[in-house]
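Read the structure below first, then the notes.
A, B, ... follow the sequence lines: proteins, then strands. Residue 1 opens every chain. In this text the structure is predicted, and so the values were computed from the model without any measurement.
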Amino acid sequence: MSRSSVFIIVLTVSILVGVYCIMDLFGQQALNRLYSPRKWVNLEGGYKAGIQKKITVSRPDEPQLRVAIAPIMSPEKSRPLYKDLISYMGKVLDMTPTVQQRSSYAEINDLLQYGDCDVAFVCSYPFVLGEREYGLKLLVVPRVKGKTTMQSLIIVPAGSSTTSLTDLRGKRFATCGIISQTGWVYPAIWLMQHGENPNTFFSEHVICNSHDRALWAVAQKLVDGGAVQSRVYEREIQQDPGLAQKVRIIMQSPEYGIAPIVVHPHVAPALQEKLRRALVSMHETPEGMKILAGLGIDRYEFPDYALYDSVRRCAAICNPRP
Amino acid sequence: MQSQTVIFFNLVRRLVRQLFNRFVSVPIFVKILGVGMIVVILFGAIVLYRTRVSMARTMYSMLEEETNTLALLIATELERPLSIKDYLSASMVLSTAKKVYPNILYGIVEDNSIQVLLHTFEGGIPADLVGVTPPEDTSDQRGSLAVFGGSGGFIFESSIPILQGEVGRLRIGVSDRFIRQELSELTWLLLFSTILCAVLGCGLALILTYLITRPINSLLQATHKISAGDFASRSQLFWNDEIGSLAVAFNQMAENLEKFRSEVEEKEATRQALLEKIIFIQEEERRRIAQDLHDQLGQSLSVMLLDIRQPDSNGNGFCEKHAMLEKRIAELIDEVRQLAWGMHPAILDDYGLDKALERYIATISKATRISIDYQCLCSPELERLPLRTEVALYRIAQEAITNIVRHADTRHASVMFMRNALESVLLIEDEGRGFEPAAALHNDFTHMGLIGMNERTSMLCGEFTVESAPGMGTTIRVRI
């Protein structure tokens, strides 16, 4: 092969390799042009030590209304649900509301007992216990669909052949928690009345820490049965109508006093009264109406302590005074 | 300025033309290889570019979706622990997500006042990531995406409110390194494929070149042989393609050429024989006429001259008229001898070419005003050349000198005769006006002298060359 041919080959290959490299470079540039970064970040250095201490939004001298929400529904669902109502309460009292949530009724009761919160959304059974132990007060009682009562619903998966609570012997049973009137107290007392020991009747008592999770556990057939609060059940069915196809109600309890809003006895009576009146008259204002509609509540009413007598009787059975 | 532009453009045009000529003048192998290389590498380059861009767009689009989905999933997982202030569980959710999905660079949970609650950095949160304002529209349950530039590429940060912003927001940073890695692997794959194709192309180019050039080379060799006079040479037939058809046609042409050549050679041989015979007869005829002129006419005239010189019976003496006749007859005898010598110099037969040429040149020099030098360089021990050869050389010299006298318009010329055991060379030179030898030799019949010299030389299987140019004199060389 002549020198000229070698030269031509080398030249051609060089040009083509150049073209190849240029195309590759164009590809790289096209890649980098896909985005224009908002800022340049160095993840390797410039660390700030540890988690920064949270700075409280409110001023320390500003009066605060500490509101606790018991996990009747899951905390992540309860928080947005009660958000507007809690803001409303803070606005009425001209106080900054702070929300506290815990994973169980017992923890919320502890908060109330040790004065770590002023107002709480609790179940009726914890209220009765708190009332008995440290004089917990009712603030208001909600009226839902014309009623200020609720029921415990014993549910099983839709395909289950279970027709009674007694059929669930040796099965797995899901509830909200031990100190829940509609979750555990009613089925426990029913079993006791039928000569059973509720502590050994089920093979496993699955505590779900909220009624909606207990309902979900039954619907997913993770358990063989469960007890849920009728208000939560209705709300969940309303949110997800398909859920009704997955569960079947086999028993309903008598009516019990509805889950109230309670207030710690140390809260100034004037403040209690101011808040109570504001809540009771909520339905008279458009803002209040909207908030109540979001919660599915007709209105708030002045408390009727007699409403919880049946619950108190249950407490006397399940948690007799020492 | 304009002329400079024109010069520049002409220069460029010339350069381009030269480059183009060099490109198209390369061997077939280089051409085929070049085409293969161009196709393979250009294809590879275009595919590389298009694939990279297209794949990058698709993968980045997927990464955006993935980042937002991841953020949504992790935010959902964080809702419960954060709402009950279970920071340990929340931190575990974050670190588990980072562990499970290695492309997550970091996870940060901030409260609504942009204070960091949790993060996944071991030492502390980098300063560049602190104080990044959340997107304005936080009502969207899907994450809002921001792109940061990092040392290893882009960082896609999805910012999503947790529990509708009640407990803060989650920021998940995802690296694009796997995309870059994939694209890099793709680039290498394509590069490797291109090189492989190029190597295969080289092999195919070699095979194709062999297939194409083998019959062409065979044709070329046959052409060279035929050019050299080997009319029996034929091209080898390889494949029945266009070049195969060409080879068949070439071989047919070579066969016809061989046939024609044979016919021409036969005719040429006949012509040569005929010409030789004619010249032989001509020389014989000249010799005979010269002999007759010398022996008969010359003798008769001599007798006549003697008769005139003797007084007659009547006693009449030698009168003035007799003297005039005597002079006239003596001149006539001289002319006859000259004529006989011109027809065929007897000296050539008797004393050889050297003496004949010497005598002839002396005669011509005397008769004309041209000075002709003559030189003979012959070994004395060598035998005389055959008479036929000597006659031919003599005639060639005679014709050449006649041409010098007639056309050269010169006063000086030289003749040299050299001879050794191997060859004899006759060289005739003049300093005259010269002519165009190629035109003269191949012209019509106006230069019969030169053609005759050539023919005589070729009959002796010699080499006849004429070197001349207008105004530069003429050199005629005969080598036998």
Query raised in the report: Roughly how far apart are B/L82 CG and A/Q101 CD, rounded to 0.5 Å?
Result: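 One finds 10.5 Å between CG of B/L82 and CD of A/Q101.
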Please check if the number of heavy atoms outside [X] that lie under 6.0 Å from its [atom1] is greater than 12.
{"X": "A/W216", "atom1": "CH2", "value": "no"}
{"X": "A/K83", "atom1": "NZ", "value": "yes"}
{"X": "B/Y101", "atom1": "OH", "value": "yes"}
{"X": "A/D94", "atom1": "CG", "value": "no"}

Which bit of [X] comes within less than 4.5 Å of chain A, counting heavy atoms only: side chain, backbone, both or neither?
{"X": "B/I38", "value": "both"}
{"X": "B/R50", "value": "neither"}
{"X": "B/L105", "value": "side chain"}
{"X": "B/I46", "value": "both"}
{"X": "B/F43", "value": "neither"}
{"X": "B/F148", "value": "both"}
{"X": "B/T194", "value": "side chain"}
{"X": "B/L78", "value": "neither"}

Query - When B/L48, B/T187, B/I84 are compared by non-hydrogen pairs under 4.5 Å with chain A, the top option - result: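 Heavy-atom pair counts peak at B/I84.
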If every non-hydrogen atom of [X] is compared with every non-hydrogen atom of [Y], which pair is closest and at what distance?
{"X": "B/V167", "Y": "A/R79", "answer": "CG1-NH1, 3.6 Å"}
{"X": "B/S83", "Y": "A/E76", "answer": "OG-N, 3.7 Å"}
{"X": "B/R80", "Y": "A/N209", "answer": "NH2-CB, 3.6 Å"}

